[in-house]
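This report refers to the structure that appears directly beneath it.
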Amino acid sequence: MTYDHIVIRYGEMSTKGKNRLQFVRCLKRNIAKKLKHFPNLQIEALRDRMYIRLHHTPPQPVIEKLQEVFGIQSLSLALKTESDLQKIKEATLFFIKQFPYEGKTFKISARRADKQFPVTTNELNYELGSYVLKNTTGLTVNVHHPDIDVRVEVRKEGTYITAYDVPGAGGLPVGTSGKAMLMLSGGIDSPVAGYLAMKRGLQIEAVHFFSPPFTSERAKQKVIDLAQRLTEFGGTIRLHIVPFTELQQAIYKQVPENYSLISTRRAMLRITDEIRKKENGLAIVTGESLGQVASQTLESMVAVNDVTTTPVLRPLISMDKTEIIAIAERIGTHHISIRPYEDCCTIFTPKAPKTKPKKEKIIQYEKFLPLDEMIAETVARVETITLKPNEPLDELF
Ligand code: ATP
Ligand code: MG
């Protein structure tokens with residue numbers, strides 16, 4: 001006997017009624033992609049949970065991969081046995097003996113998904129509990145706060161015995177909420193915003209503004225590495241790199257210094273929106289957090305947002321920097337984000353940007369720029385890279 005299965009419990013999708021089938025399919029596809037380097041695994045998706053047959057694959061690396069897949073509430077190692085009382089008793093005992101159980105308390109939580117099974121839930125709890133007690137020493141029952149909660153689930157196809165749930169990433173399977181464009185800088189915030197957007201089931205494509213020679217190839221590589229890291233949570237990500245130098249310089253020449261940042265942001269949002277249209281995205285995601293810097297006051301957001309009616313999602317809007325950093329560290333983007341290469345916006349940041357910009361003024365200043373043409377030209381020169389999961393990060397820099 002051995003742990004031969006991983007049981008996957010779905011997150012919120014269980015409440016999604018009719019869409020459930022689509023959710024399960026999407027989750028299965030995402031899991032299959034995530035586990036493609038484990039050839040022996042077999043995934044079986046049911047309405048209310050999923051089973052992965054290990055076929056002798058060591059479980060720990062598989063569990064670690066699964067913990068990065070959105071849509072999973074929890075997972076645990078399981079033992080599968082025939083739905084026969086004696087077999088279940090033996091398997092339960094074997095299962096408990098895998099733990100250092102001396103001096104511990106336990107409880108059996110049986111569930112009879114197969115109502116044809118001749119033993120009721122209460123009888124099962126009793127039968128299995130006494131069998132375990134009879135065949136072990138130093139183990140006692142505690143039904144309220146057990147150290148080991150052994151779950152026994154009797155189903156038609158077999159009985160699964162599990163304990164110790166490992167938390168999953170939660171959220172919804174990536175792809176079930178549609179597609180959005182993530183404005184991805186090389187900073188700490190936007191990768192976290194992308195992660196949280198994917199957590200709610202959004203598929204993302206990333207858009208990065210790049211201003212050579214003011215920003216280096218290494219700054220670009222940093223963004224590629226960030227997007228690559230995000231693929232571990234969301235599957236393939238297309239990264240659109242926008243050559244922004246000419247447009248940015250034109251803005252700085254034409255618009256007074258204290259308004260240039262707002263104008264630059266407006267141009268960035270317009271370009272992102274154009275790329276979104278081409279790629280059939282529904283929304284734009286940014287890493288903005290209210291009041292964090294001059295361009296993130298509500299007045300600035302209003303002035304920037306004025307160029308589009310496309311929803312701009314800001315998952316970090318109410319978070320403090322320390323909270324954002326904690327997530328960045330946990331998801332493995334922080335060490336990439338802190339590489340010291342300049343972003344296009346940092347280089348051109350004015351000394352005293354307007355924190356309460358006036359819309360009429362912006363429109364007046366921008367009138368003197370051939371913005372429509374410049375934006376169309378810029379969009380035509382966008383370079384797109386496709387990044388796939390399971391590829392090594394370029395950690396050379
Ligand atoms: P981040 O840590 O994400 O860079 P930040 O705190 O530095 O954020 P800003 O520089 O004001 O804040 O950027 C706000 C948001 O605008 C970013 O989170 C990102 O979504 C977008 N953004 C900024 N610079 C770029 C860029 N070069 N390319 C794409 N998006 C960008
Ligand atoms: Mg930044």
Side-chain angles (χ1 to χ4, degrees), residues 180-197 204-212 214-216 218-224 226-227 229-230 237-245 247-248 251 260-276 283-301 303-305 307-308 310 312-317 319-329 331 333-350 353-355 357 378-379 382-383 385:
M181 314 307 286
L182 169 68
M183 296 181 71
L184 183 62
S185 71
I188 293 170
D189 303 338
S190 43
V192 175
Y195 169 85
L196 294 174
I204 57 166
E205 291 195 17
V207 178
H208 177 66
F209 292 82
F210 177 55
S211 295
F214 305 103
T215 51
S216 64
R218 289 179 175 198
K220 180 168 150 186
Q221 186 60 47
K222 180 177 164 183
V223 173
I224 296 173
L226 284 169
R229 176 64 195 140
L230 290 180
I237 293 179
R238 279 157 65 76
L239 168 63
H240 306 279
I241 298 178
V242 183
F244 199 40
T245 319
L247 189 39
Q248 209 171 0
I251 290 172
S260 56
L261 186 61
I262 294 288
S263 251
T264 308
R265 296 279 184 201
R266 283 162 62 92
M268 287 164 78
L269 190 56
R270 284 182 62 181
I271 291 169
T272 306
D273 208 26
E274 288 305 316
I275 302 172
R276 175 197 65 78
I284 293 169
V285 178
T286 76
E288 290 161 301
S289 156
L290 193 60
Q292 198 189 76
V293 288
S295 62
Q296 295 176 22
T297 61
L298 204 50
E299 288 83 355
S300 299
M301 281 185 204
V304 173
N305 219 153
V307 299
T308 180
T310 302
V312 177
L313 311 180
R314 300 177 175 90
L316 310 184
I317 199 68
M319 282 192 198
D320 294 347
K321 195 75 185 184
T322 48
E323 296 172 288
I324 300 169
I325 290 173
I327 302 177
E329 283 173 344
I331 66 174
T333 54
H334 186 258
H335 71 286
I336 307 171
S337 293
I338 58 175
R339 289 184 206 155
Y341 309 116
E342 297 282 19
D343 184 44
C344 69
C345 295
T346 9
I347 283 172
F348 288 93
T349 301
K354 271 271 175 231
T355 50
T378 308
V379 171
V382 166
E383 177 201 356
I385 308 175

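By convention here, the first residue in the shown sequence is residue 1. For the numbers below, each heavy atom of this structure counts, side chains included, while hydrogens, waters and symmetry mates do not. Just so you know, ligand 1 is whichever comes first in the structure, and atom 1 is the first atom listed for that ligand.
- One side chain, Thr297 or Ser300, offers a donor N or O that lies under 3.5 Å from an acceptor on the other.
- Checked against a 3.5 angstrom limit, the closest N/O atoms of Ile188 and ligand 1 fall inside it.
- The backbone of Val207, and not its side chain, has at least one atom closer than 4.0 Å to an atom of ligand 1 (non-hydrogen atoms only; backbone = N, CA, C, O).
- For ligand 1 and Thr286, the ligand atoms under 4.0 Å from any heavy atom of the residue are 20 (O).
- The proximity of Leu184 to ligand 1, defined as any non-hydrogen pair under 4.0 Å, is limited to the backbone.
- Listed for the Thr245 side chain is a donor-acceptor partner under 3.5 Å among the backbone atoms of Pro212.
- Closest heavy-atom approach to atom 25 (C) of ligand 1 within the set Gln296, Met183, Met268: this belongs to Met268.
- Close contacts between ligand 1 and Gly187 involve ligand atoms 1 (P), 2 (O), 4 (O) [criterion: under 4.0 Å to a heavy atom].
- With hydrogens and angles disregarded, a donor-acceptor distance shorter than 3.5 Å links the side chain of Ser190 to the backbone of Ser185.
- Relative to atom 18 (O) of ligand 1, the option among Ala328, Gly287, Ala193 with the closest non-hydrogen atom is Gly287.
- A donor-acceptor pair is defined here as one N or O able to donate and one able to accept, closer than 3.5 Å; such a pair exists between the side chain of Gln296 and the backbone of Ser289.
- Between the side chains of His240 and Glu383, not a single donor N or O lies within less than 3.5 Å of an accepting N or O.
- Looking only at atom types and distance, the side chain of Arg270 has no donor-acceptor partner in the side chain of Thr308 under 3.5 Å away.
- Between Asp189 and ligand 1, at least one pair of N/O atoms sits closer than 3.5 Å.
- In this structure a side-chain-to-backbone donor-acceptor pair under 3.5 Å is missing from Thr215 to Phe210.
- Note: no N/O pair closer than 3.5 Å links Gly186 and ligand 1 by distance alone.
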